[in-house]
Amino acid sequence: MSGAETLDVTRAFLARFVTFPSPAALDVVTLWSAHTHVTDRDGRLAFDTTPRLAFLSQGPKSGKTEALNRVTDLSHNGSTMVDPTHAGFAQSIGEGCATVTIDELDVLFGAGSAKATLRSLLNAGYKQGAEWKRAGKAPVSVFGAVAMAGMDAKFRNAEPLSALRSRTIMVQMTPGRAPEIYRGRLHDPTARAIRAGLASWCRHHRSRILANYPDEFEGISGRDLEISEPLLMVADAAGGRWPDAARVALRELLLGADDANHEDAPTLVASLLSDLRAVFGTAPKLPTADIVAALRAIPGAPWRELWPSVDNAPRELAALLAPIGVVPVRVRLGKLTVRGYQRADLVPHWSALAA
């Protein structure tokens, strides 16, 4: 098959199992999966850069994990990691030459040096030459393709992830029924065949793919162009509709046209603030445990599904509120002092909701 036909088949396969928010998102995910197969003889990615890819949603049941799974199936040496350590991540990228996919990217918010190091490796590893250097040991290359899935509000608002966001193409997933349910025993052979087809085409046309760097186009320049380059180079070599489609799709996702389609949808933080107003009533302060219990009990609210573990829920709540400056305070319960939140910190945000 030609390059355009190979990409068309890959695109059609992805569309069978994932409801993407737009044709542009489907085009970008197709190209991203393909670019992972353009490798050197040692199996390492051959481009100068690689964009991080993130499937994000405001709540559960949006298809983001399904999208991540299908990308894992179609990518070069796809390997899924949950709560990865920085050492495990570096080993997968450097020694396994894997395409790493990270589900539940909330782990990147974790406190402590381990997660800070992982974030640093993700930030640096989008560009050729990035290495993890350890005392007394040979450096490990951390340049490689990474896709992620997680909650939109957390990824977009968390300050520790600001550098990672600038290296990421974000796909805003929305709730919807999948066109077809993926069944491993039935569909894995087709996925393997499509992955083999991508690998074969990229291997035979590697020189042509890497021969030309794309120019700036319609507002895409700087870092956006840098992370777009691998996908554009694959599209230009494939021909057919793909060179034009790639530019339209990347412009839509990188310049926020996809986000504009969801301006009227309440964000996760806005929904949380609204529910907190109901939970607080007239109380001046409430313990975190009481807040979490009340939120998880609200009929139709997403908190029970988002926070299945009551033990971890306080950290999840704090991660959502920290970007807007609302942090836990001391709350006295009789002779005990516990962590909680005060009404005065939330009132300005409640006023903004009503504006």
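Residue numbers start at 1 and run along the sequence shown.
- The side-chain hydrogen bond (donor to acceptor under 3.5 Å, both in side chains) pairs that include a residue from residues 279-294 number zero, where partners must be two or more places apart or lie in different chains.
- Residues forming a salt bridge (charged side-chain N to carboxylate O under 4.0 Å, His left out) with Arg208 (at least two apart in sequence, or on another chain): none.
- Annotation: side chain to side chain contact (heavy atoms under 4.5 Å, CB included) contacts of Ser166 (sequence neighbours excluded): Arg223.
- Note that CG of Leu210 is 11.0 Å distant from CD of Glu229, once rounded to the nearest 0.5 Å.
- With a 4.5 Å cut-off on side-chain heavy atoms, Leu276 and Leu295 count as touching.
- Across Leu118 and Thr85, no two heavy atoms sit closer than the pair CD1-O, 4.3 Å.
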Self-check item: Trace of the side-chain contact (heavy atoms from CB on, under 4.5 Å) decision for Thr65 with Phe55
Solution: CA-CA 8 Å; Thr65 297; Phe55 298 105; over 6 Å; no
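- Taking the six-membered ring where tryptophan is involved, the planes of Phe280 and Trp350 are perpendicular, since the angle between them exceeds 60° and thus also 30°.
- Using a 4.5 Å heavy-atom threshold, the side chains of Leu273 and Ile324 count as touching.
- Across Gly219 and Leu255, no two heavy atoms sit closer than the pair O-CD2, 4.1 Å.
- With rounding to the nearest 0.5 Å, the separation of CE in Met81 from CE in Met148 is 14.0 Å.
- Atom CD1 of residue Ile220 and atom CD1 of residue Ile227 lie 8.5 Å apart, to the nearest 0.5 angstrom.
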Quiz item: Passes side-chain contact (heavy atoms from CB on, under 4.5 Å), Thr49 versus Arg167? Steps please.
Solution: CA-CA 10 Å; Thr49 62; Arg167 295 152 168 80; over 6 Å; no
Exercise. Test side-chain contact (heavy atoms from CB on, under 4.5 Å) on Glu66 and Tyr182 and set out the steps.
Key: CA-CA 9 Å; Glu66 183 67 20; Tyr182 189 93; 3.4 Å; yes
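- Contact detail for Ser228 and Leu254: the closest heavy-atom pair is OG-CD1, 3.2 Å.
- The side chain to side chain contact (heavy atoms under 4.5 Å, CB included) check on Ala318 picks up Tyr341, with sequence neighbours excluded.
- At a threshold of 4.5 Å between non-hydrogen side-chain atoms, the residues Tyr213 and Leu232 do not count as touching.
- Linking ILVMFWY residues whenever their side-chain heavy atoms come closer than 4.5 Å, directly or via other members, leaves Met170 and Val248 in distinct clusters.
- Within the 4.5 Å cutoff, no side-chain heavy atoms of Val29 are placed close to those of Arg70.
- Considering only heavy atoms from C-beta on, Pro284 stays 4.5 Å or farther from Gln342 through its side chain.
- Judged by distance alone, with hydrogens and angles left aside, the side-chain atoms of Asn123 form a donor-acceptor pair with the main-chain N or O of Leu164 at under 3.5 Å.
- Here the straight-line distance linking atom OG1 of Thr6 with atom CH2 of Trp242 works out to 11.0 Å at 0.5 Å rounding.
- Comment: Asp8 does not engage Arg11 in a salt bridge, judged by the lack of any side-chain N to carboxylate O separation of less than 4.0 angstrom.
- Listed by chain and residue number, Asp236 satisfy the salt bridge (charged side-chain N to carboxylate O under 4.0 Å, His left out) test with Arg247 (two or more places apart in sequence, or in another chain).
- In the hydrophobic clustering, Val338 connects to Val329, Val331, Leu333, either directly or through intervening members, whenever side-chain heavy atoms lie under 4.5 Å apart.
- The closest side-chain heavy-atom distance from Leu272 to Leu317 is below 4.5 Å.
- Arg241 pairs by the salt bridge (charged side-chain N to carboxylate O under 4.0 Å, His left out) definition with Asp27, not counting sequence neighbours.
- For the pair Ile169 and Leu231, the minimum side-chain heavy-atom distance is below 4.5 Å.
- Of all the heavy atoms in Val269 and Leu320, the pair that sits closest is CG2-O, 3.9 Å.
- Residue pairs meeting the ring pair (Phe, Tyr, Trp, His ring centres under 6.0 Å) criterion with at least one member in residues 123-147, sequence neighbours excluded: His86-Trp132.
- A donor-acceptor contact closer than 3.5 angstrom is absent between the side chains of Thr99 and Ser75.
- Under the 4.5 Å side-chain heavy-atom criterion for Ile, Leu, Val, Met, Phe, Trp and Tyr, Trp303 and Leu346 are members of the same hydrophobic cluster.
- Taken from CG in Leu56 to CZ in Arg165, the straight-line distance is 10.5 Å, to the nearest 0.5 Å.
- Formation of a donor-acceptor pair under 3.5 Å by the Ser200 side chain with backbone atoms of Ala196 is not found in this model.
- Here CD of Glu252 is found 12.5 Å from CD of Glu218. Values are rounded to the nearest 0.5 Å.
- With sequence neighbours excluded, the residues satisfying side chain to side chain contact (heavy atoms under 4.5 Å, CB included) with Arg183 are Ile181, Leu186, His187.
- Here the shortest heavy-atom pairing between Thr30 and Leu26 reads OG1-O, 2.8 Å.
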Quiz item: Stepwise, does the side-chain contact (heavy atoms from CB on, under 4.5 Å) test hold for Leu198 with Leu7?
Solution: CA-CA 8 Å; Leu198 285 171; Leu7 294 179; 4.2 Å; yes
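- For the pair Gly144 and Arg52, the tightest heavy-atom approach, listed with the atom from each and the gap, is O-NH1, 2.7 Å.
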Practice problem: Report the C-alpha separation of Thr101 and Thr72 in whole Å, then their side-chain angles, then the decisive distance to 0.1 Å, and conclude whether the side-chain hydrogen bond (donor to acceptor under 3.5 Å, both in side chains) test is met. | Solution: CA-CA 7 Å; Thr101 57; Thr72 306; 2.9 Å; yes
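- Trp201 is connected to Met1 through a chain of hydrophobic side-chain contacts under 4.5 Å among Ile, Leu, Val, Met, Phe, Trp and Tyr, so both are in one cluster.
- Residues Phe89 and Leu122 are in side-chain contact: their nearest non-hydrogen atoms beyond the backbone lie under 4.5 Å apart.
- Residues satisfying the salt bridge (charged side-chain N to carboxylate O under 4.0 Å, His left out) criterion with Arg332, sequence neighbours excluded, are absent altogether.
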Report all side-chain donor-acceptor pairs from residues 34-47 shorter than 3.5 Å, counting only partners two or more places apart or in another chain.
from, atom 1, to, atom 2, distance (Å)
His35, ND1, Trp32, O, 2.6
His35, NE2, Thr50, OG1, 2.8
Thr36, OG1, Ser33, O, 2.7
Thr36, OG1, His76, N, 3.0
His37, NE2, Leu74, O, 2.7
Asp40, OD1, Arg206, NH2, 2.5
Asp42, OD1, Arg44, N, 3.0
Asp42, OD2, Arg44, NE, 3.4
Arg44, NH1, Gly94, O, 2.7
Arg44, NH2, Gly94, O, 2.7

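- For Lys137, the side chain to side chain contact (heavy atoms under 4.5 Å, CB included) partners at least two apart in sequence or on another chain are Arg134.
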